[in-house]
Number of protein chains: 2
Amino acid sequence: MESHHVTFETVKTKETSLPERVAEQISQLIIDRHLTAEDKLPNEFELAAQLNVGRGTIREAVKLLAARNILVIRRGKGTYIARHPGEIDDPLGFAYYPDQLQLAMDLLEVRIQMEPWVAAVAARRASEESIQVMRENCLLVEQDILAGVNHLPKDMEFHVSIARCTQNLVVPKLIPIITYSVGLFGAINGNTLLSETIIGHRAVADAIRDHDPAAAERAMRDHLEQNRVELDAILEELRRTGGEWSGQSILPPLR
Amino acid sequence: MESHHVTFETVKTKETSLPERVAEQISQLIIDRHLTAEDKLPNEFELAAQLNVGRGTIREAVKLLAARNILVIRRGKGTYIARHPGEIDDPLGFAYYPDQLQLAMDLLEVRIQMEPWVAAVAARRASEESIQVMRENCLLVEQDILAGVNHLPKDMEFHVSIARCTQNLVVPKLIPIITYSVGLFGAINGNTLLSETIIGHRAVADAIRDHDPAAAERAMRDHLEQNRVELDAILEELRRTGGEWSGQSILPPLR
């Protein structure tokens, strides 16, 4: 059977270099041998002999795999399998999108569709431990807000910990992707809606703790509608100032 | 404001190497200058002077960015910005998950939640051009099925072309992620349900063409329920043979 990664075909360079092909072989070896986090990669000599290439090629291939977070090179200790192999920062390249406001609107549309469902499933399936972690994250967000520091990193962790309550492997991985643009809201609108964030998060957390899917879904939807209010305010501001939206110029860089 | 990429923090190595830091500077330069596909990167000399590092470091940084599909190195031609910068094959590292069957089940749960909604939005917003492309992709799947060749690559393209009908920037990028495991079904169950695939796809395509959101949603849900039937058959087979599921051993490699 052929690979099914069809839509990414254009992503690959037409001419695959030797280190690139060797990187794929090493990657396959990791998968076949079920090597996981903290397993050490066989050493250069062994790999070179096994794959019938020079040690320089192995070194180049290892660098490629490290750049993709499949391997982690520890100076003086050796090369290890990454804790979350192949998972990278900004996996869809959102930072390179020219129109960050359009991206924010489209992400919000996906969030409003996904996350109320996620909250409902979380309420249905959450274990006591996952509820515990989620509630702790809820408190950490509040602490950051009340301390006047940027709460957005903890805010995203809170949403991820809700996703973990679903016991679905994939959902927690999707949350950091679809919440990519949250920094944008905070950057523009300041702290006007922070108390609503606290109240909104509490409502979601309580409903999940009480295993009440309908309440969790509703609370999450209400919470996300707040984001829509903020985004509409940005659009209104742009209209008022007659400013045409031209990418990220009025925004701080997202990374 | 701090970066909001919090959940990926663990992904980065604690000690950032010089080429890694230079890679980040070049990446920021691409974003700030709005460089896009087919723009050539400034040459090594210029970058070395501008970032105040040696040309060897620039070369290493460029290799890192090429490994992440941010740059494309063309032999004898120079270094260019990638067509979809930062977008990579298998961006969540699914290939490294030890339990591919659990992954397939969890992905299917997400698909059944997302894709009927995607089909409904597609029916509401599709332009005539996007409908045209979607219908052509529908035919290409049928041609592959009738020719007896693996239709799964075209099948995924069909689902992506439905997502493009939504006019949402993000949705078409999520489809290749959540359809990651489709190869698994084809690999196990053979061609038993191929005629149902043809009928199911046509029902979705017709509803979108007719701008009928309710029909599109229903047709997509029915189509995906077929996948659930196939997955249940796999589980049943495993139970029957008394086989405990132990990763990918009974499956062909996914990549």
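Here is the naming used below: chain letters follow the sequence lines, and residue numbers restart at 1 for every chain. Side-chain atoms are counted along with the backbone in the values below, which use heavy atoms only and exclude waters and symmetry mates.
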Among the listed options [options], the residue most often paired with chain A at heavy-atom distances under 4.5 Å:
options                               : answer
B:Val171, B:Leu174, B:Leu169, B:Leu65 : B:Leu169
B:Leu107, B:Ile178, B:Leu35           : B:Leu107
B:Asp106, B:Val110, B:Val118          : B:Asp106

Should B:Arg125 and A:Glu109 count as an ion pair when the cut-off is N to O under 4.0 Å?
yes
For [X], is it the side chain, the backbone, both, or neither that has a heavy atom closer than 4.5 Å to a heavy atom of chain A?
X        : result
B:Gln167 : backbone
B:Ile30  : side chain
B:Ile81  : neither

Please report the interatomic distance NZ(A:Lys63) to OG(B:Ser17), rounded to the nearest 0.5 Å.
9.5 Å
Output for pair (A:Lys173 NZ, B:Tyr97 OH), nearest 0.5 Å, gives 4.0 Å
Between A:Leu92 and B:Pro91, which heavy-atom pair has the shortest distance, and what is it?
CD2-CG, 4.5 Å
All heavy atoms of B:Arg68 vs all of A:Ala67, minimum pair found to be NE-O, 2.8 Å
Is A:Ile175 close to chain B through its backbone or its side chain, or both, or neither, when contacts mean heavy atoms under 4.5 Å?
neither
What residue, out of A:Pro85, A:Ala23, A:Gly93, has the most heavy-atom pairs lying under 4.5 Å from chain B?
A:Pro85
Hey, does A:Val170 have a side-chain heavy atom less than 4.5 Å from the side chain of B:Phe94?
yes
Verify the distance criterion only: is there a donor paired with an acceptor across the side chains of B:Ser27 and A:Tyr96 at less than 3.5 Å?
yes
